[in-house]
Amino acid sequence: MPENTIKVGSVKLDIISNKELVNRVNNFLHDDILDIILYLSPEMVESASLDEGCSTVIRNAELVLPGSRQILESYGGDTYELSGIVVSSASFGIILENIAKEACSVFIISESMDMAEKLKEYCLRCQPEIKIAGLFDTESGGNDNKKLLNEINSLVPDIILLDISPGKQEHWISSHMEMLNAKLMVAIGGVTRELLHSRRMDFSKFHLFSRE
């Protein structure tokens with residue numbers, strides 16, 4: 001099994017299997033605090049090196065995972081993938097397909113309603129039984145954070161799927177995480193298009209490659 005973390009720029013990246021990721025998420029969905037998973041993009045690595053606020057949010061996240069295959073290219077990404085290790089944001093599809101919690105709900109925040117709708121379609125394609133609690137786009141919603149927070153907290157979604165540009169995304173998390181009533185936040189800003197274009201993967205295959 002590869003080491004548990006590697007350093008990418010100033011960021012410590014968690015190296016875990018897809019199987020372990022699913023287990024961790026199912027545990028997150030049953031605790032009473034907001035856990036945060038960040039899918040790391042090259043832009044986020046740059047933001048972390050230039051902005052201490054971004055760096056702090058990344059450092060305090062429960063998991064920081066490779067969001068783009070580009071992140072692990074120089075670390076033998078193909079070997080990691082064959083070992084069943086998370087190598088990109090495509091693992092979010094595996095999470096959705098294998099969520100154990102019944103009637104799991106997702107609230108989607110994106111920078112445009114078009115992208116929010118695409119993420120909704122992606123979530124439902126991966127897990128048809130999932131409930132989409134709501135959609136919010138910062139393009140038309142602007143800075144009406146009070147309205148957004150009230151909507152999220154009245155719905156109490158299990159997962160907040162956050163798609164905001166790297167840099168802005170980390171500051172948004174820092175400003176709002178203490179006010180959100182949810183179980184898990186998954187931040188995919190900077191790797192959303194890679195997520196949407198990823199092929200769906202059969203979770204059962206990863207048992208064959210696992211070295212655990």
Side-chain angles (χ1 to χ4, degrees), residues 24-26 28-41 43-44 47-48 51-65 67 89 91-93 95-96 99 101-196:
R24 293 283 297 274
V25 167
N26 282 322
F28 292 156
L29 292 176
H30 286 87
D31 64 28
D32 295 321
I33 60 173
L34 177 64
D35 297 295
I36 297 175
I37 295 175
L38 296 176
Y39 278 101
L40 191 69
S41 67
E43 294 82 6
M44 198 185 297
S47 294
D51 188 319
E52 181 58 30
C54 292
S55 180
T56 299
V57 169
I58 294 169
R59 191 165 55 247
N60 291 336
E62 274 63 42
L63 288 172
V64 180
L65 304 173
S89 55
S91 64
F92 183 62
I95 291 172
L96 292 175
I99 286 177
K101 191 171 187 292
E102 294 181 2
C104 186
S105 60
V106 178
F107 192 101
I108 299 170
I109 302 171
S110 188
E111 291 182 322
S112 73
M113 187 53 68
D114 178 63
M115 186 58 74
E117 290 286 355
K118 288 178 180 178
L119 288 168
K120 173 184 175 180
E121 292 172 8
Y122 175 86
C123 290
L124 290 172
R125 189 167 70 247
C126 292
Q127 179 52 268
E129 296 182 7
I130 206 165
K131 178 183 177 183
I132 304 300
L135 305 176
F136 183 89
D137 71 287
T138 58
E139 187 176 68
S140 62
N143 295 317
D144 193 356
N145 289 321
K146 184 176 181 180
K147 177 183 177 182
L148 173 59
L149 291 170
N150 287 340
E151 185 174 359
I152 291 173
N153 291 336
S154 65
L155 294 167
V156 194
D158 294 293
I159 300 172
I160 296 172
L161 182 60
L162 184 64
D163 168 36
I164 299 177
S165 300
K168 292 180 181 179
Q169 173 176 258
E170 290 71 59
H171 283 289
W172 194 95
I173 292 171
S174 178
S175 299
H176 298 88
M177 61 181 294
E178 298 295 336
M179 298 178 279
L180 291 166
N181 192 0
K183 298 289 187 182
L184 175 65
M185 181 184 293
V186 178
I188 58 171
V191 297
T192 308
R193 295 191 183 279
E194 183 162 340
L195 169 69
L196 293 174

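All figures in this text were calculated on a predicted structure; none of them were measured in a lab.
- Without hydrogens or angle criteria, Gln127 side chain to Leu96 main chain gives a donor-acceptor distance under 3.5 Å.
- Summarising the geometry, atom CG belonging to Asp137 is positioned 9.5 Å from atom CD belonging to Glu117; distances are rounded to the nearest 0.5 Å.
- Partner of Val106 under the side-chain contact (heavy atoms from CB on, under 4.5 Å) criterion, chosen from Ile159, Ile99, Leu124, Ile160: Ile159.
- Here the CE-OG distance, from Met44 to Ser47, works out to 8.0 Å after rounding to the nearest 0.5 Å.
- To the nearest 0.5 Å, the span separating CZ on Phe136 from CG on Leu148 amounts to 4.5 Å.
- Taking OG1 of Thr138 as the reference point, atom CD of Glu111 lies at 5.0 Å (rounded to 0.5 Å).
- Inspection of the Thr192 and Asp163 side chains reveals an N or O donor paired with an N or O acceptor under 3.5 Å.
- Side-chain contact between Ile37 and Met185: absent, with no pair of heavy atoms (C-beta onward) separated by less than 4.5 Å.
- Under the 4.5 Å side-chain criterion, counting only non-hydrogen atoms from C-beta, Val156 is not in contact with Phe107.
- Between Tyr122 and Phe92, the ring planes lie parallel to each other; the angle is under 30°, not in the 30° to 60° tilted range.
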Practice problem: Apply the test side-chain contact (heavy atoms from CB on, under 4.5 Å) to residues Leu155 and Ser105: give CA-CA distance (whole Å), side-chain angles for both, the deciding distance (0.1 Å), then the verdict. | Solution: CA-CA 9 Å; Leu155 294 167; Ser105 60; over 6 Å; no
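- For the pair Asp158 (side chain) and Lys183 (backbone), a donor-acceptor distance under 3.5 Å is absent.
- By the 4.5 Å heavy-atom criterion applied to side chains, Ile36 and Val57 are not counted as neighbours.
- Counting heavy-atom neighbours within 6.0 Å of Glu178 CD, excluding the residue itself, gives a total of 12 or less.
- Not one N or O on the side chain of Ser41 forms a donor-acceptor pair closer than 3.5 Å with the backbone of Gly190.
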Pair up each side-chain donor or acceptor in residues 166-174 with any protein partner under 3.5 Å, not counting sequence neighbours, and list the distances.
from, atom 1, to, atom 2, distance (Å)
Gln169, OE1, Gly189, N, 2.8
Glu170, OE1, Gly167, N, 2.5
His171, NE2, Asp51, OD2, 2.8

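- Rounded to the nearest 0.5 Å, atoms CD (Glu62) and CG (Asp31) are 8.5 Å apart.
- Of all the heavy atoms in Ser91 and Tyr39, the pair that sits closest is OG-OH, 2.7 Å.
- Judged by distance alone, with hydrogens and angles left aside, the side-chain atoms of Glu43 form no donor-acceptor pair with the main-chain N or O of Ser165 at under 3.5 Å.
- A salt bridge does not link Arg24 with Asp35: none of the charged nitrogens is closer than 4.0 Å to a carboxylate oxygen.
- Side-chain contact between Leu38 and Leu63 is absent, with no heavy atoms from C-beta onward closer than 4.5 Å.
- Contact record, Cys104 with Ile130: O-CG1, 3.2 Å, taken as the closest heavy-atom pair.
- Taking a 6.0 Å sphere around CZ of Arg59, one finds it holds more than 12 heavy atoms contributed by other residues, nucleotides or ligands.
- Between atom CG of residue Asp114 and atom CG of residue Leu119 there is a gap of 10.0 Å, rounded to the nearest 0.5 Å.
- Two residues are said to be in side-chain contact when any heavy atoms from C-beta on lie closer than 4.5 Å; Leu161 and Cys123 meet this criterion.
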